[in-house]
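For reference, the structure discussed in these notes is given below.
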2 protein chains.
Amino acid sequence: MTGADLHVTAAARLRADGQRYTSNRKVLVEVLSGSDRPLTIHEILDRRSEVAQSSAYRNLAVLERAGVVHRVVTHDEFARYELAEELTDHHHHHLVCSECGAVADFSMPEGFEERLDAELEKAARRAGFATEGHRLDLVGRCRNCRDARG
Amino acid sequence: MTGADLHVTAAARLRADGQRYTSNRKVLVEVLSGSDRPLTIHEILDRRSEVAQSSAYRNLAVLERAGVVHRVVTHDEFARYELAEELTDHHHHHLVCSECGAVADFSMPEGFEERLDAELEKAARRAGFATEGHRLDLVGRCRNCRDARG
DNA sequence: ATTTATGCAAATCGTTTGCAAACCT
DNA sequence: AGGTTTGCAAACGATTTGCATAAAT
């Protein structure tokens, strides 16, 4: 899903949640759709400084509630945001650098994802959890940090 | 690994890192070893209030550097700590409740873990990452929250 | 007109840090 | 003694919130 479709879908999801698709929210969706990895609030504001920081926080929360955006938590530092998977047709996971905190996307073979979902579903049932999704991150050291020292 | 062994191993790891196994650190290890799920700093201090908050933070950082303790980040809220897996002989993942933030442990069949590791290793190689580990969380709603409403 | 979104500045809260006293070896 | 750990209180920084103004419907 790209370009106009994206905004149509985002607007529809917001409307379904009783929310408006304002210019600030559109900017946020645009910035995120232009990135191949989750962005921090700081990175978002660097790219489009016309949005006030507090509005960015507020609107990302609204967009998350409406299912347009997804909040990714990597380790201790600050949150990162990406478009919700249903809006990108791209189920993926994250590579997180344990040294610099950088995040990159990756995905795994379709068949393997299915097997993973099945296993998780079994575990959830055993524990009495209603599955909503999963989060799989690979933690390691990125190329930059490896080159930098050892 | 339980009881005295745990402390022997913890002490060894700290020593290898040039650190002492002080009474505060021992308390932290004890509290974590007595729990079947990761604990927040607040929960730790509730159980053993003789440790100052700042010491808890400092010592958990030391213990993490030495590989005795592992910091788990669930969603936005605060960090949770658990003993490092090598000290518990118990590779596991987390069920995270999207409503109340509760965390429970679960594990998956051995063979599946191996397959998962292999897939992750492939992805890491492609992206130039040196694998250190992975993080797999199932996100859903726990039994309590499901019972509470819907 | 009325409701909702915005931006600024101030408040919040988990976490970190400076420093002097207590502790080890 | 010499270096480390501790606890307190103050500082930090990402995120949240109160409030008055500006859009949107």
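Chain A is the first sequence line, chain B the second, and so forth, proteins listed ahead of strands; every chain is numbered from 1. Treat the numbers as computed from the prediction; the structure is a model and nothing was measured.
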Cationic N near anionic O, under 4.0 Å, B:K26 to B:E30 =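 Salt bridge absent between B:K26 and B:E30.
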Are A:E43 and A:R47 within salt-bridge range, i.e. N to O under 4.0 Å?
->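 Between A:R47 and A:E43 there is no salt bridge, as every charged N stays at least 4.0 Å from the carboxylate O atoms.
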Out of [options], which has the shortest distance to the side chain of [X]?
X: B:N24; options: C:dT15, D:dT15, D:dG7; result: D:dG7
X: A:A52; options: C:dC8, C:dT15, C:dA5; result: C:dC8
X: A:S55; options: D:dT15, C:dT16, C:dG7; result: C:dG7

Report the distance from atom CD of B:Q53 to atom C1' of C:dC13, rounded to the nearest whole Å.
->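 Taking atom C1' of C:dC13 as the reference, CD of B:Q53 is at 10 Å.
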Would you give a per-nucleotide map of nucleotides 18-25 of chain D, 5' to 3', where B means the base has a protein non-hydrogen atom under 4.0 Å away, S means only the sugar-phosphate does, and - means neither?
-> B-----SS
What nucleic acid atoms does B:Q19 come within less than 4.0 Å of, heavy atoms only: base, sugar-phosphate, or nothing?
->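 It contacts sugar-phosphate atoms only.
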Does anything in residues 49-61 of chain B pair up under side chain to side chain donor-acceptor pair (under 3.5 Å), and if so which pairs, sequence neighbours excluded?
->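 For residues 49-61 of chain B: B:R25-B:N59, B:R48-B:E50.
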Would you work out how much the helix from C:dA1-D:dT25 to C:dT25-D:dA1 bends between its ends, with each end axis defined by five base pairs, to 10 degrees?
->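 Between the first-five-pair axis and the last-five-pair axis there is 30°.
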Using the test side chain to side chain contact (heavy atoms under 4.5 Å, CB included), find all partners of A:H92 that sit at least two apart in sequence or belong to another chain.
->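 Checked A:H92 against side chain to side chain contact (heavy atoms under 4.5 Å, CB included); matches are A:E82, A:E85, A:H90, A:H94, A:D105, A:S107.
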Results of side chain to side chain contact (heavy atoms under 4.5 Å, CB included) for A:D46 - residues two or more places apart only |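 Listed in chain order: A:H42.
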Would you tell me whether A:H93 and A:E113 have side-chain atoms, one donor and one acceptor, within less than 3.5 Å of each other?
->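 Yes.
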Taking side-chain hydrogen bond (donor to acceptor under 3.5 Å, both in side chains) as the test, write out the residues that go with A:E64, two or more places apart.
->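 Not a single residue meets the side-chain hydrogen bond (donor to acceptor under 3.5 Å, both in side chains) criterion with A:E64.
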OP1 or OP2 of C:dT16 sitting under 4.0 Å from any side-chain N/O of B:Y57?
->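 False: B:Y57 side-chain N/O out of range (4.0 Å or more) of C:dT16 OP1/OP2.
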